[in-house]
Amino acid sequence: MRFTVLTLFPDQITDHLGKSITGKAMQNGIISVEAKDIRDHAINSYGKVDDTLYGGGTGMLMQCDPVYDSWKEICSDGNKPYTVYVSPKGNVLNQDKVIDLSKKDHLCIICGHYEGIDSRVIDEICDEEISIGDYVLTGGELAACVIIDSVSRMIEGVLPNQEAYSNESHMGGVLEAPQYTKPENWHDRKVPDVLLSGDLKKIQDYNRIMSLIETMNKRPDMFDKLEITEDDWQKILALKKSL
Ligand code: ADE
């Protein structure tokens with residue numbers, strides 16, 4: 001999958017994503033990440049890309065043309081990428097959206113800075129506006145990295161095995177069951193006996209019910225959306241009692 005980020009700070013993107021799992025996926029050619037400097041399409045030779053706001057207000061707004069020309073350049077092969085503007089006004093990112101985006105061939109993410117970008121160019125070229133949460137960042141670069149990281153790990157070959165993501169939190173609308181490694185007993189906190197039993201069926205049943213309990217305790221909003229069978233309710237209550 002191909003990612004292109006239009007930004008005033010390309011190093012922020014490549015420094016972060018060039019490492020660890022995303023870095024390896026780039027080296028293996030499973031994903032490509034290109035960060036394009038919007039300033040290469042500045043209005044003048046001083047690198048001007050922003051101006052004051054019409055109607056008053058503090059700060060500077062990024063102008064249409066540098067953003068539009070940067071985007072047009074990546075469309076020059078005749079293919080329009082799926083284009084996303086990252087901003088606190090967008091739809092809040094979740095795992096369903098991440099999976100959706102992982103099916104695109106080419107994703108272009110546009111990062112704003114200062115007060116953001118002139119709305120007209122966003123309206124003209126963006127398919128969607130995405131926020132990574134209800135808070136405001138100093139620029140869109142961290143949001144772009146979050147999107148690329150979460151989308152990349154849904155692409156076959158990026159993680160070592162499929163199971164690594166099919167059972168994890170937010171897949172199927174539930175959180176993952178608590179997980180443990182050695183030692184068996186740490187600070188008098190013992191790993192549940194069933195996980196040491198070697199009985200795969202019992203372990204799977206236990207983890208399935210623990211994942212429902214974890215969701216109920218930590219994300220009641222997600223739990224409310226689940227349809228719990230009578231049988232599972234009984235198992236949840238019995239397991240909760242034994243904890
Ligand atoms: N830019 C500034 N704040 C943001 C947010 N919460 N999500 C995405 N992009 C942003």
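Atoms within a ligand are numbered from 1 in the order they appear, just like the ligands themselves. Bear in mind the structure is a predicted one, so any value in this text is a computation, not a measurement.
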Discussion item. Checking Thr22 against Val158 for the side chain to side chain contact (heavy atoms under 4.5 Å, CB included) test, could you report, in this order, the C-alpha distance in whole Å, the side-chain angles of both residues, the deciding distance, and whether it holds?
Written reply: CA-CA 8 Å; Thr22 45; Val158 171; 5.9 Å; no

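Contacts between Ile130 and ligand 1 below 4.0 angstrom, taking non-hydrogen atoms only, involve the backbone exclusively. Both the backbone and the side chain of Ser131 come within contact range of ligand 1, each with a heavy atom under 4.0 Å.
Under the 3.5 Å distance criterion, with hydrogens and angles disregarded, no donor-acceptor pair is assigned to the side chains of Glu128 and Tyr85.
Test Lys36, Glu73, His106 against Thr4 for side chain to side chain donor-acceptor pair (under 3.5 Å) and you get one pass: His106.
Close contacts between ligand 1 and Val136 involve ligand atoms 3 (N) [criterion: under 4.0 Å to a heavy atom]. Listed by atom number, the atoms of ligand 1 under 4.0 Å from Gly133 heavy atoms are 6 (N). Atoms of ligand 1 lying under 4.0 Å from at least one heavy atom of Ala143, given by number and element, are 8 (C), 9 (N).
Annotation for Cys111 and Val5: closest pair SG-CG1, 3.6 Å, computed over non-hydrogen atoms.
Ser32 places no side-chain N or O within 3.5 Å of a backbone atom of Gly29 that could act as its donor or acceptor partner.
If you check which protein heavy atom lies closest to atom 7 (N) of ligand 1, you get Ile132 N, 3.0 Å. The protein heavy atom nearest to atom 6 (N) of ligand 1 is Tyr135 O, 2.7 Å. Taking atom 9 (N) of ligand 1 as the reference point, the nearest protein heavy-atom neighbour is Ser87 N, 3.2 Å. Summary of contacts: the protein heavy atom closest to atom 3 (N) of ligand 1 is Leu137 N, 3.0 Å. From the protein, the heavy atom lying nearest to atom 1 (N) of ligand 1 is Pro88 CD, 3.7 Å.
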